[in-house]
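Below is one structure, written out as structure tokens, with a few remarks after it.
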Amino acid sequence: MKRVVVGLSGGVDSSVAAYLLQEQGYEVIGLFMKNWHDDSVTISNECPWLEDSNDALLVAEKLGIPFQTVDLSEEYKEKIVDYMFNEYEKGRTPNPDVLCNREIKFDVFMKIALSLGADYVATGHYCQKSEIEVNGETVYQLKAGADTNKDQSYFLCQLSQEQLAKSLFPIGELTKPEVREIAAQMDLITAEKKDSQGLCFIGKVRLPEFLQQKLQPKDGLIIQIDKNDSVYNSEKQEGLTLEEDLAFDARKLPYTPEMGKKVGKHQGAHYFTIGQRKGLNVGGTTDPLFIIATNVATNTIYTGLTSQHPGLFKKALQIEKSEVHWIRKDLALANGETMDVMARIRYRQPLQKATLHQFENGMFVAFQEPQSAITEGQFVAWYLEEELVGSGVIS
């Protein structure tokens, strides 16, 4: 009998995942990950992880499976929280959920599970796994969840073959309503529970306040750039190589405060991200202002009117060589090769037609349609039909 450790989060998805595995004849163990108890960073007086671990315990009791809590807060602080602060300080916008899966759930947590004699680790993610044979070797495929509304494959875009080999996603072929229905039929306490928001397992975190406790506020200017500014009409030189051409499309525009007008002040460029429109507190504009660029070195924020401002759009993005990650290593591109894919630059974004271009120094992703708010530090993931084959950090 195969043994599976399920990451019970106290939510409905992982509860139903545990139940389904039981039905399939696995020996199931429930494990709750406690990832946060740093009281120096106060978040709110509520203590969601206590409530969640209690719900997870009740589900385990209901299903009659062993349950324990593991405290991963040390690893979490080191691998996720510190990384986030470092990224924000550099003016990048990290994705803690993608990292949490790569570094915690499918690494630290998985090692604990395997040390308990588990054959697999299971989670309540909406994605599917299948296997094929390539040159006599088993290759694992990560596919989108059947519920297109809920597909979470993007969050797993940094997993490896080794991690996928040991993973199960029992609810991947179900829709959210079906999952809730099973939970209700089984009378699980989590059946009606709202979906959790916020950082994975930290609970109710409001990011600006969270960051303010570690990154010092400092006053800076908010500059508004006109949509007709000449920076948007700079012509490409003649005779560029393909790589230079793509680098031009992916480049950061050279904004300076003199190019625009001062419209307000802010408390620190590192609190803001491209495409953001809330939290600027600049009044009196005809249309909403969107952030088109931030400069942490000069502590300046550049903005433009409306979501159609040219400063928000780019046709290409770059990934440094070391940040290119293939789940399907057998499909990895060699220098000079290209691949037509569907890609997304954030969770829940509809897939976009794109072409990957691999060069000696890294990869460019060129989109058929210009994309809004391509953000440094976030992940781009690319798909062949339903299958997520690779990803990378936007540089």
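- Checked against the 6.0 Å centroid threshold, Phe32 and Phe67 do not count as a close aromatic pair.
- With rounding to the nearest 0.5 angstrom, the CD1 atom of Ile171 is 7.0 Å from the CG atom of Leu174.
- Phe169 and Cys127 get closest at one heavy-atom pair: CB-O, 3.2 Å.
- Val121 approaches Val4 most closely through the heavy-atom pair C-CG1, 4.3 Å.
- A side-chain donor-acceptor contact under 3.5 Å links Tyr383 and Ser153.
- Formation of a donor-acceptor pair under 3.5 Å by the Ser391 side chain with backbone atoms of Phe379 is not found in this model.
- In this model, no donor atom of one side chain and acceptor atom of the other lie less than 3.5 Å apart for Gln158 and Asn101.
- Between the OG1 atom in Thr93 and the OH atom in Tyr88 there is a gap of 5.5 Å [rounded to 0.5 Å].
- Side-chain contact between Lys62 and Asp187 is present, with heavy atoms from C-beta onward closer than 4.5 Å.
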* Please report the C-alpha distance between Phe367 and Phe313 in whole Å, then the side-chain angles of each, then the deciding distance to 0.1 Å, and finally whether the side chain to side chain contact (heavy atoms under 4.5 Å, CB included) criterion is met. => CA-CA 11 Å; Phe367 292 94; Phe313 291 89; over 6 Å; no
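- When only modelled atom types and interatomic distance are considered, Glu131 and Thr138 share no side-chain donor-acceptor pair under 3.5 Å.
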* Asked: Passes salt bridge (charged side-chain N to carboxylate O under 4.0 Å, His left out), Glu369 versus Lys315? Steps please.
  -> CA-CA 7 Å; Glu369 303 283 330; Lys315 284 204 68 161; over 6 Å; no
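- Here the closest non-hydrogen pair linking Ser307 and Phe290 is N-CE1, 3.3 Å.
- The two residues Ala354 and Val365 come nearest to each other via the heavy atoms CB-CG1, 3.9 Å.
- When atom types are taken as modelled, the side chain of Gln318 and the backbone of Ile394 share no donor-acceptor pair closer than 3.5 angstrom.
- Salt bridge Lys236/Asp245: present, at least one basic N to carboxylate O contact under 4.0 Å.
- Here the side chain of His266 pairs a donor or acceptor atom with the backbone of Asn299 at under 3.5 angstrom.
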* Asked: Under the side chain to side chain contact (heavy atoms under 4.5 Å, CB included) criterion, do Ile345 and Thr375 qualify, and how do the steps go?
  -> CA-CA 8 Å; Ile345 53 172; Thr375 307; over 6 Å; no
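- Between the Thr303 side chain and the Ile291 main chain, no donor and acceptor come within less than 3.5 Å of each other.
- For the side chain to side chain donor-acceptor pair (under 3.5 Å) condition, the pairs that include at least one residue of residues 171-182, sequence neighbours left out, are Asp13-Lys176, Thr175-Glu178, Lys176-Asp195, Arg180-Asp195.
- You'll find the side chain of Tyr347 stays beyond 4.5 Å of the side chain of Asp97, heavy atoms only.
- Residues Gln358 and Thr338 fail the side-chain proximity criterion, which asks for heavy atoms closer than 4.5 Å.
- Residues Leu221 and Pro257 are not in side-chain contact: their nearest non-hydrogen atoms beyond the backbone lie 4.5 Å or more apart.
- When the side chains of ILVMFWY residues are joined at heavy-atom separations under 4.5 Å, either directly or via intervening members, Met259 and Ile222 end up in two distinct hydrophobic clusters.
- Separation of atoms NE2 (His270) and CG (Asn295) is listed at 13.0 Å; rounding is to 0.5 Å.
- Legend: salt bridge (charged side-chain N to carboxylate O under 4.0 Å, His left out) pairs involving residues 372-392, not counting sequence neighbours, sorted by first then second residue: Lys252-Glu376, Arg328-Glu387.
- Salt bridge status for Lys193 with Asp55: present, with a side-chain N to carboxylate O gap under 4.0 Å.
- At least one donor-acceptor pair closer than 3.5 Å links the side chain of Gln161 to the backbone N or O of Ile327.
- Taking each heavy atom of Ala18 and Leu63 in turn, the nearest pair found is CB-CD1, 3.8 Å.
- Under the 4.5 Å side-chain contact rule for hydrophobic residues, Val108 and Met33 share a cluster.
- Between the CG atom of Asn86 and the CZ atom of Arg92 there is a distance of 11.0 Å, given to the nearest 0.5 Å.
- For the pair His357 and Leu246, the minimum side-chain heavy-atom distance is below 4.5 Å.
- Side-chain atoms of Glu243 and Thr241 form no donor-acceptor pair, as typed in the model, at a separation below 3.5 Å.
- Linking ILVMFWY residues whenever their side-chain heavy atoms come closer than 4.5 Å, directly or via other members, places Tyr120 and Leu8 in the same cluster.
- Here the two rings, on Tyr154 and His125, have centers that are 6.0 Å apart or farther.
- Using a 4.5 Å heavy-atom threshold, the side chains of Thr123 and Val6 count as separate.
- Going from atom CD of Glu103 over to atom CZ of Phe109 covers 15.5 Å, rounded to the nearest 0.5 Å.
- Asp119 places a side-chain N or O within 3.5 Å of a backbone atom of Arg3 that can act as its donor or acceptor partner.
- Using a distance-only test at 3.5 Å, with no hydrogens or angles considered, a donor-acceptor pair links the side chain of Thr300 to the main chain of Thr298.
- In this structure, the side chains of Thr294 and Thr273 stay at 4.5 Å or more apart for every pair of heavy atoms.
- The closest side-chain donor-acceptor pair between Thr69 and Ser53, if any, does not fall under 3.5 angstrom.
- Here Lys2 contributes atom NZ and Leu168 contributes atom CG; the two are 10.0 Å apart, rounded to the nearest 0.5 Å.
- A donor-acceptor contact closer than 3.5 angstrom links the side chains of Gln371 and Gln352.
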* Check the pair Arg102 / Asp107 against salt bridge (charged side-chain N to carboxylate O under 4.0 Å, His left out), numbers first and verdict last. => CA-CA 6 Å; Arg102 183 181 84 191; Asp107 186 3; over 6 Å; no
* To do: Could you please spell out the steps behind the side chain to side chain contact (heavy atoms under 4.5 Å, CB included) verdict for Val5 and Val28?
  => CA-CA 6 Å; Val5 167; Val28 181; over 6 Å; no
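- In this structure, Leu305 and Lys227 have side chains that are not in contact, with every pair of non-hydrogen atoms separated by 4.5 Å or more.
- Defined by atom type and a distance below 3.5 Å, a donor-acceptor pair is present between the side-chain atoms of Glu360 and Asn335.
- Taking hydrophobic clusters as Ile, Leu, Val, Met, Phe, Trp and Tyr residues chained together by side-chain heavy-atom distances below 4.5 Å, Leu280 does not share a cluster with Tyr302.
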* Report the C-alpha distance between Phe364 and Leu242 in whole Å, list the side-chain angles of each, state the deciding distance to 0.1 Å, and finish with yes or no for side chain to side chain contact (heavy atoms under 4.5 Å, CB included). => CA-CA 10 Å; Phe364 286 95; Leu242 176 62; over 6 Å; no
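- Cluster membership check: Val393 does not share its hydrophobic cluster with Val389, using side-chain heavy-atom separations under 4.5 Å among Ile, Leu, Val, Met, Phe, Trp and Tyr.
- Minimum interatomic distance between Leu164 and Lys129 (heavy atoms only, all atoms of both residues): O-NZ, 2.8 Å.
- No donor-acceptor pair under 3.5 Å is formed between the side chain of Gln163 and the backbone N or O of Ser167.
- Under the salt bridge (charged side-chain N to carboxylate O under 4.0 Å, His left out) criterion, no residue pair touches residues 261-285, with sequence neighbours excluded.
- His309 places a side-chain N or O within donor-acceptor distance of the main-chain N or O of Ile225, the cut-off being under 3.5 Å.
- No donor-acceptor distance shorter than 3.5 angstrom exists from the side chain of Glu87 to the backbone of Tyr83, with no hydrogens or angles considered.
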